[in-house]
Number of protein chains: 2
Amino acid sequence: MPSFEALLQASQAACDALSADDDGLKREILAHAGNRWSLGVVHALGVGGTLRHAEIARRLDGVTQRMLTRTLRQLERDGLIARHDYDEVPPRVDYRLTELGRGLLVGMVPLWRWVMDNADDFREARRAFDDKTL
Amino acid sequence: MPSFEALLQASQAACDALSADDDGLKREILAHAGNRWSLGVVHALGVGGTLRHAEIARRLDGVTQRMLTRTLRQLERDGLIARHDYDEVPPRVDYRLTELGRGLLVGMVPLWRWVMDNADDFREARRAFDDKTL
DNA sequence: CTGTATCCGGTGGGATACTG
DNA sequence: CAGTATCCCACCGGATACAG
């Protein structure tokens, strides 16, 4: 387990690069983590392998066709998932994770666990803050 | 190094929890990663320790007073940074990372490195996608 | 089945000017 | 110095209806 100081050194290089993120691309990749359905899609494809639109929808509670399509397009655009259109009638399209997509899944799991483990602290912090500012 | 299958198991638990994220709090915590200035602030406080508003501003190229204040409030609300108002004239306020904030920094560094290391692939994926859809 | 078009509210990000 | 007020635009998330 590295010291916090060693971690800051790594953080330094990372944050310098993110500061020089002229076109905002790196930040937009990270933004996938905060998007409503991106994580669910990546996870579903990680577990399910190659899935069709309707199959993914069935695994994401509450998602609409529109939002699922938009989410899939965003992830495809950044190379995280691959879309295969069989060009049949009726339509048949499926999606799978790319190597990049698997990398995102790998990188996100520790962060997910951390957020889960500290969810109560976040909730408490918000309650305290909102009370104070009344 | 764990297998991808083992990772999926961890992913399963994490994603189940995120699916049951009724109030969206967990997702909002992750959203800090995609916000324009949050990462920079967390990093600046990680490196700089306890800093005043103007000191943070000097370390973030291009940030406006308004956006820095809003970013600091959001991070404070979620318990990631602590704000100390000395109640003096002229005003004197400083900020520091909390334990939760250090946890975010720890969790983000691997992801930052991954994004940096694959930036070219993301750019290439976008180029290919945008060309294809013309 | 997969996807688009339209319309809407909320919020992130920003420019600018002002206040205690 | 730290923060607020006002106005702006873009985009996310969603509801609903429609199309190939």
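First the proteins, then the strands, lettered A, B, ... as listed; each starts at 1.
Along DNA chain D, the stretch of nucleotides lying under 4.0 Å from any heavy atom of chain A spans, 5' to 3', D:dC12 to D:dG20.
One axis for each end of the helix from C:dC1-D:dG20 to C:dG20-D:dC1, each built from five base pairs, and the angle between them comes to 40° at 10° resolution.
Counting non-hydrogen atoms under 4.0 angstrom, A:Y86 reaches nothing in the nucleic acid.
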Worksheet item: In B/S/- notation, 5' to 3', how is nucleotides 5-20 of chain C contacted by protein heavy atoms closer than 4.0 Å?
Response: BB-----BBBB----B

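Taking the side chain as every heavy atom from C-beta outward, B:T64 and B:M67 approach each other to under 4.5 Å. Under the 4.5 Å side-chain criterion, counting only non-hydrogen atoms from C-beta, B:L39 is in contact with B:M108. For the pair A:R126/B:E28, a side-chain contact is recorded, criterion being any heavy-atom separation below 4.5 Å from C-beta on. The side-chain heavy atoms of A:F129 and B:D78, taken from C-beta on, include no pair separated by under 4.5 Å.
Rounded to whole Å, atom C1' of C:dT4 lies 15 Å from atom CG of A:L72.
Residue B:D23 qualifies as enclosed at atom CG: its count of foreign heavy atoms under 6.0 Å is above 12. The number of heavy atoms from other shown groups lying within 6.0 Å of CG (B:D61) does not exceed 12.
Partners of B:D120 according to the salt bridge (charged side-chain N to carboxylate O under 4.0 Å, His left out) rule, which considers only residues two or more places apart in sequence or in another chain, do not exist here. Residues satisfying the ring pair (Phe, Tyr, Trp, His ring centres under 6.0 Å) criterion with A:W114, sequence neighbours excluded, are A:F122.
Evaluation of the ring pair (Phe, Tyr, Trp, His ring centres under 6.0 Å) test over residues 66-87 of chain A, restricted to residues two or more places apart or in two chains, returns A:H84-A:Y86.
Using a distance-only test at 3.5 Å, with no hydrogens or angles considered, a donor-acceptor pair links the side chain of A:T133 to the main chain of A:D130.
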